[in-house]
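In what follows, a structure is listed as structure tokens, so that the remarks can point back to it.
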Amino acid sequence: MATLKVWYDQQPENDLGPGDPAFIVTTEDELTALIDRVNATSAIQPCPSLIEVSITEDPYGFPTLNAGIGHDRGHVRLSGRDELRATRGDSTAAGTGVYDFQGHETLVPVSYEVPPATVRGVLAAFLEHGGKWCGKRPATRSRNSA
């Protein structure tokens with residue numbers, strides 16, 4: 001198991017204060033609660049939300065995940081030192097989807113979009129395997145093979 005540091009909807013550091021800390025996730029129950037929170041917000045806004053996930057113990061030594069969490073769709077993209085992977089949706093889909101990361105538009109190929117259950121499964125596996133992208137890789141592909 002890893003301890004995840006999740007950036008979602010934090011207020012940045014500015015002249016008024018130090019900003020909000022990241023969410024720290026150590027159990028699958030905490031991960032589920034956070035995903036549910038993001039999902040509820042996504043359901044009432046024009047586009048799904050995006051979270052950034054790193055490993056607390058060594059945020060620069062492990063890959064970083066970006067996960068789009070919507071009520072009807074989402075995606076996960078892993079950016080590592082040697083690897084870039086993304087969920088695999090409809091490979092014939094063209095265009096980009098819009099996700100919201102802390103008030104900033106982020107464009108994602110719609111071919112990366114998958115059902116919310118797949119996003120939950122990938123995030124749970126990342127937590128369970130200590131930040132390693134190992135074992136069965138649910139619905140993912142290397143960007144090099146895309």
Side-chain angles (χ1 to χ4, degrees), residues 2-56 59-60 62-129 131-133 135-146:
T3 300
L4 304 180
K5 184 181 282 191
V6 181
W7 293 98
Y8 166 70
D9 201 26
Q10 278 81 8
Q11 294 299 313
E13 181 176 351
N14 58 37
D15 292 340
L16 303 176
D20 296 332
F23 293 94
I24 303 299
V25 175
T26 59
T27 67
E28 193 163 344
D29 288 342
E30 291 172 349
L31 179 62
T32 297
L34 182 59
I35 292 170
D36 289 346
R37 176 180 172 173
V38 175
N39 189 24
T41 300
S42 291
I44 59 171
Q45 61 189 29
C47 59
S49 295
L50 185 70
I51 64 173
E52 181 179 290
V53 183
S54 61
I55 301 301
T56 302
Y60 302 108
F62 283 91
T64 299
L65 289 180
N66 291 307
I69 300 174
H71 70 280
D72 62 344
R73 68 188 188 282
H75 77 281
V76 178
R77 190 187 76 201
L78 174 132
S79 302
R81 204 173 310 145
D82 301 320
E83 183 172 39
L84 180 60
R85 298 188 70 80
T87 46
R88 178 177 42 215
D90 179 358
S91 62
T92 64
T96 54
V98 177
Y99 287 79
D100 170 52
F101 182 66
Q102 301 189 163
H104 299 279
E105 177 185 88
T106 302
L107 301 177
V108 174
V110 293
S111 63
Y112 291 3
E113 293 181 328
V114 294
T118 301
V119 173
R120 286 178 184 268
V122 171
L123 291 172
F126 192 70
L127 173 67
E128 180 183 338
H129 294 291
K132 305 277 192 245
W133 194 269
K136 186 178 180 186
R137 297 178 177 183
T140 63
R141 66 169 169 242
S142 170
R143 285 273 313 269
N144 296 335
S145 66

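One is the number of the first residue; the rest follow in order along the sequence.
A side-chain contact (heavy atoms from CB on, under 4.5 Å) with L78 holds for exactly one of L65, V53, V122; it is L65. Here the options are L50, V76, V38, the test is side-chain contact (heavy atoms from CB on, under 4.5 Å), and the partner is I69; only V38 passes.
Between R73 and V98 the shortest heavy-atom distance is NH2-O, 4.4 Å. Between L31 and L4, the shortest heavy-atom contact is CD1-CD1, 4.5 Å. The two residues S42 and G70 make their nearest non-hydrogen contact at CB-CA, 3.9 Å.
Although no hydrogens or angles enter the test, the distance criterion places no donor-acceptor pair under 3.5 Å between the side chain of E128 and the main chain of A124. Listed for the T87 side chain is a donor-acceptor partner under 3.5 Å among the backbone atoms of Y112. Side-chain N or O atoms of D100 include none that pairs as donor or acceptor with a backbone N or O of S49 at under 3.5 Å. Side-chain atoms of T64 never come within 3.5 Å of backbone atoms of S79 as a donor-acceptor pair (strictly under, hydrogens ignored).
Counted by atom type alone, T41 and Q45 present zero donor-acceptor pairs between their side chains at under 3.5 Å.
Put simply, CZ on F101 and OH on Y8 are 11.0 Å apart, with the number rounded to the nearest 0.5 Å. The distance from atom OG1 of T118 to atom CG of L123, rounded to the nearest 0.5 Å, is 11.0 Å. To the nearest 0.5 Å, the span separating CG on L127 from OG1 on T26 amounts to 8.0 Å.
Between I55 and F126 there is a side-chain heavy-atom pair separated by less than 4.5 Å. When side chains are defined from C-beta on, V110 does not count as touching D90, because their heavy atoms never get closer than 4.5 Å. Between R120 and T32 the shortest side-chain heavy-atom distance falls below 4.5 Å. Between C47 and Y99, the closest side-chain pair of non-hydrogen atoms is not below 4.5 Å. The side-chain heavy atoms of I24 and K5, taken from C-beta on, include a pair separated by under 4.5 Å.
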